[in-house]
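The basis for the numbers below is simple: all heavy atoms, side chains too, and nothing from hydrogens, waters or symmetry mates. Nothing here was measured: the structure is a model prediction, and the numbers come from that model. So that the names make sense, note that chain A is the first sequence line, chain B the second, and so on, each numbered from 1.
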2 protein chains.
Amino acid sequence: MANQRVCIARPGLPDGPMGEAAEPSPSCPVEITLAALRGRWTTLVIRELLRGDRTFSELRRILPRLSDKVLSERLAHLADVGVVDRHRLSGWPPRVRYSLTPRGRSLGPVLQALWDWGRDSRVGP
Amino acid sequence: MANQRVCIARPGLPDGPMGEAAEPSPSCPVEITLAALRGRWTTLVIRELLRGDRTFSELRRILPRLSDKVLSERLAHLADVGVVDRHRLSGWPPRVRYSLTPRGRSLGPVLQALWDWGRDSRVGP
DNA sequence: CTGAATCCCTGCCGATACTG
DNA sequence: CAGTATCGGCAGGGATTCAG
């Protein structure tokens, strides 16, 4: 019988080398994405930025239990991986506007896929 | 101007309550999925099971650097969240076959989404 | 306002050894 | 073969404090 070929690599392409990874590797596409989303609060910050640009203090107000230390860590990390852009606003008091890059916005379908599976897997409503 | 409405909730539905979560919550669909995938080696184990049923020792052979302790932890966790089924095979030596549940198989598109974003985000080939 | 520095505590994961 | 028990290192993240 045909072996069940549920391929993680792109459909139509042969299994890429990472589809054969024998151990966790930072160059595996799946791990690249999970690394970008890694850390508590990260997906909530991205969700908020998907709704529009936000300043540091706006994010703190929307996510009140998120400490400034962790928020700045998350934003720095997301900037490192090319998901968010930082933009100093002139004037006083100093403000910084955070926005998603195109690559950050392209996380929308990814989060949607995560949402859909999680929603379908819940017991309750 | 129209506010940029990139909605994480299901398209066509109003934002669900979790789309408004002000802090990390185990009942958030996104976190349910990330919790299922959480932990080193987890996605590699799932990838291997997407290709077909495997026994404990087969998984250890395919992922040689994965210790038996961590492998049994991962499999127990994936069984807990309803992603894998365990099946004792009769006879000697004792063997256990692991297979994905339908819910586990439905992780295929999720991993595909993660793969695609990570692949498109890499610098190199 | 927007962070960076420090401290501390917890949980993950690897290595090793042992059991049914 | 298929696990469990135990220990230790280390990184993540919360609270607090300090700086540009």
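Ranking C/dG3, C/dC1, D/dA2 by closeness to the A/F56 side chain, first place goes to C/dG3. Checking D/dA2, C/dT16, D/dG13 against every side-chain atom of B/R95, the shortest atom distance belongs to D/dA2. Listed candidates were C/dG14, D/dA2, C/dG3. Nearest to the side chain of B/W41 is C/dG14. When each of D/dC1, D/dG13, C/dG3 is scored by its nearest atom to the side-chain atoms of A/R74, the top-ranked nucleotide is D/dG13. When each of D/dG3, C/dG3, C/dG14 is scored by its nearest atom to the side-chain atoms of B/R40, the top-ranked nucleotide is C/dG14. Here the side chain of A/D68 is nearest to one of C/dA4, C/dG20, D/dG3, namely C/dA4. The side chain of A/V70 has D/dG14 as its nearest neighbour among D/dG3, D/dG20, D/dG14. Looking at the side chain of B/T55, the nearest of the listed nucleotides D/dT4, D/dA2, C/dG3 is D/dA2.
Remark: P of C/dC13 and CG of B/L75 are 14 Å apart, rounded to the nearest angstrom. In this structure, A/L71 places its CG atom 16 Å from C1' of D/dG12, rounding to the nearest Å. Put simply, NE2 on B/H87 is 13 Å from P on D/dG3, counting in whole angstrom units. What separates CZ of B/R61 from C1' of D/dA2 is a distance of 15 Å, to the nearest Å. Rounded to whole Å, atom P of D/dT4 lies 7 Å from atom CZ of B/R86. Distance CG (B/L89) to C1' (D/dA2): 12 Å, rounded to an integer number of Å. One interatomic measurement links the two molecules: NE2 of A/H77 to C1' of C/dG3, which rounds to 18 Å at whole-angstrom precision. The CZ atom of B/R97 sits 14 Å away from the P atom of D/dG3 (whole-angstrom rounding).
Checking the phosphate oxygens (OP1, OP2) of D/dG3, a side-chain nitrogen or oxygen of B/Y98 falls inside 4.0 Å. Note on B/S72: a side-chain N or O is less than 4.0 Å away from OP1 or OP2 of D/dT4.
Put simply, the side chain of A/K69 and the base of C/dG3 share no donor and acceptor less than 3.5 Å apart.
How far CD of B/E58 is from CD of B/E48: 9.5 Å, rounded to the nearest 0.5 Å.
Formation of a donor-acceptor pair under 3.5 Å by the A/R60 side chain with backbone atoms of A/L71 is not found in this model. Put simply, the side chain of B/S106 gets close to the backbone of B/R103: a donor and an acceptor are under 3.5 Å apart. Counting only distance, with no hydrogens or angles, the side chain of A/R47 and the backbone of B/G19 share a donor-acceptor pair below 3.5 Å.
Between B/I32 and B/P26 there is no side-chain heavy-atom pair separated by less than 4.5 Å.
For the pair B/R38 and A/P93, both in contact range of DNA chain C, the more 5′-proximal nearest nucleotide belongs to A/P93. Nearer to the 5' terminus of DNA chain D, by closest-nucleotide assignment, is the contact made by B/S57 (compared with the other of B/S57 and A/E73). Between A/R88 and A/P24, the residue anchored closer to the 5' end of DNA chain C is A/R88, taking for each the nucleotide with the nearest heavy atom.
Checking B/R97 against B/T55 by side-chain atom types alone, no donor-acceptor pair falls below 3.5 Å.
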